[in-house]
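Inspection log for the structure reproduced underneath, given as structure tokens.
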Amino acid sequence: MILAPGSKSPDQASPEMGAPLAVVTVPDRLSPEAAMGKKAYETVCVDCHGDNGSGRNGMGPPLVHKIYEPSHHGDESFQRAVALGVRAHHWRFGDMAPVEGFTRADVKTIIAYMRELQRANGIH
């Protein structure tokens, strides 16, 4: 993960509220499932987790980050986060509330989008 110019590491305060916490390389093409996931992500998730999972200072962590690689946070952890919410444990953004209106199938497409972004940024 590459940090945005002038920002500090994602767990430290950066000067501008809502500023991206990471620069994310976006692949030239997304699979059809990931393209659907991008649309779903942009309806709600983008507000806290930023464009393309880059995070937003003071609002939500970057999802294109080694912490969220599949071996540490498997796909089911994303499903559970959306359905049940998450207690803050890696970052200092506070707890994440459950997200209403997404089915497991919707979240599966969002996961496909995040995984493709992660791979494009060297996170496997």
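The first residue of the sequence shown is numbered 1, and numbering continues consecutively from there.
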* Asked: Can you check whether Lys66's main-chain N or O pairs, donor with acceptor, with His72's side chain at less than 3.5 Å?
  -> no
* **Over all atoms of both residues, closest heavy-atom pair of Gln79 and Val107** => OE1-CB, 3.4 Å
* **Straight-line distance of Glu16 CD to Asn57 CG, nearest 0.5 Å** => 8.5 Å
* Asked: Is the shortest heavy-atom distance from the side chain of Pro62 to the side chain of His49 under 4.5 Å?
  -> no
* **Leu21 and Pro61, any side-chain heavy atoms less than 4.5 Å apart** => no
* To do: Take Cys48 and Arg56 through the test side chain to side chain contact (heavy atoms under 4.5 Å, CB included) and record every step on the way to the result.
  => CA-CA 6 Å; Cys48 294; Arg56 294 188 69 203; over 6 Å; no
* Go through the steps to decide whether Gln118 and Tyr113 satisfy the test side chain to side chain contact (heavy atoms under 4.5 Å, CB included), and finish with yes or no. => CA-CA 9 Å; Gln118 289 173 342; Tyr113 172 53; over 6 Å; no
* Between the main-chain N or O of Val24 and the side-chain N or O of Asn121, is there a donor-acceptor pair closer than 3.5 Å? -> no
* With Tyr41, which residues qualify under side-chain hydrogen bond (donor to acceptor under 3.5 Å, both in side chains), at least two apart? -> none
* Any chance the side chains of Asp51 and Ser54 put a donor and an acceptor closer than 3.5 Å? -> no
* **Pairwise side-chain contact, Leu117 with Val26, heavy-atom cut-off 4.5 Å (strictly under)** => yes
* To do: Report the relative orientation of the aromatic rings in Tyr68 and Phe78; use parallel for angles under 30°, tilted for 30 to 60°, perpendicular for over 60°.
  => tilted
* If a pair satisfies salt bridge (Lys or Arg N to Asp or Glu O under 4.0 Å) and one of its residues is in residues 35-48, list it, with sequence neighbours excluded. => Lys38-Glu42
* **Distance-minimising heavy-atom pair for Thr109 and Met36** => CG2-CE, 3.8 Å
* Can you name the closest pair of heavy atoms from Glu116 and Pro27 and give their distance? -> O-CG, 4.2 Å
* To do: Would you please test His124 and Arg119 for side chain to side chain contact (heavy atoms under 4.5 Å, CB included) and show each step?
  => CA-CA 6 Å; His124 304 278; Arg119 285 190 296 276; 3.7 Å; yes
* CG-CD1 distance between Leu63 and Ile110, expressed to the nearest 0.5 angstrom -> 10.0 Å
* Asked: What pairs of residues pass the salt bridge (Lys or Arg N to Asp or Glu O under 4.0 Å) test when at least one of them lies in residues 70-90, not counting sequence neighbours?
  -> Asp75-Arg115, Glu76-Arg104
* Partner set under side-chain contact (heavy atoms from CB on, under 4.5 Å) for Ser77, not counting sequence neighbours -> His73
* Structure fact -> In short, Val64 meets Met114 closest at the heavy-atom pair CG2-SD, 4.4 Å
* Asked: Considering residues at least two apart in sequence or located in another chain, which fulfil the side-chain contact (heavy atoms from CB on, under 4.5 Å) criterion with Thr43?
  -> Phe102
* Asked: Partners of Ala112 by side-chain contact (heavy atoms from CB on, under 4.5 Å), sequence neighbours excluded?
  -> Glu33, Ala34
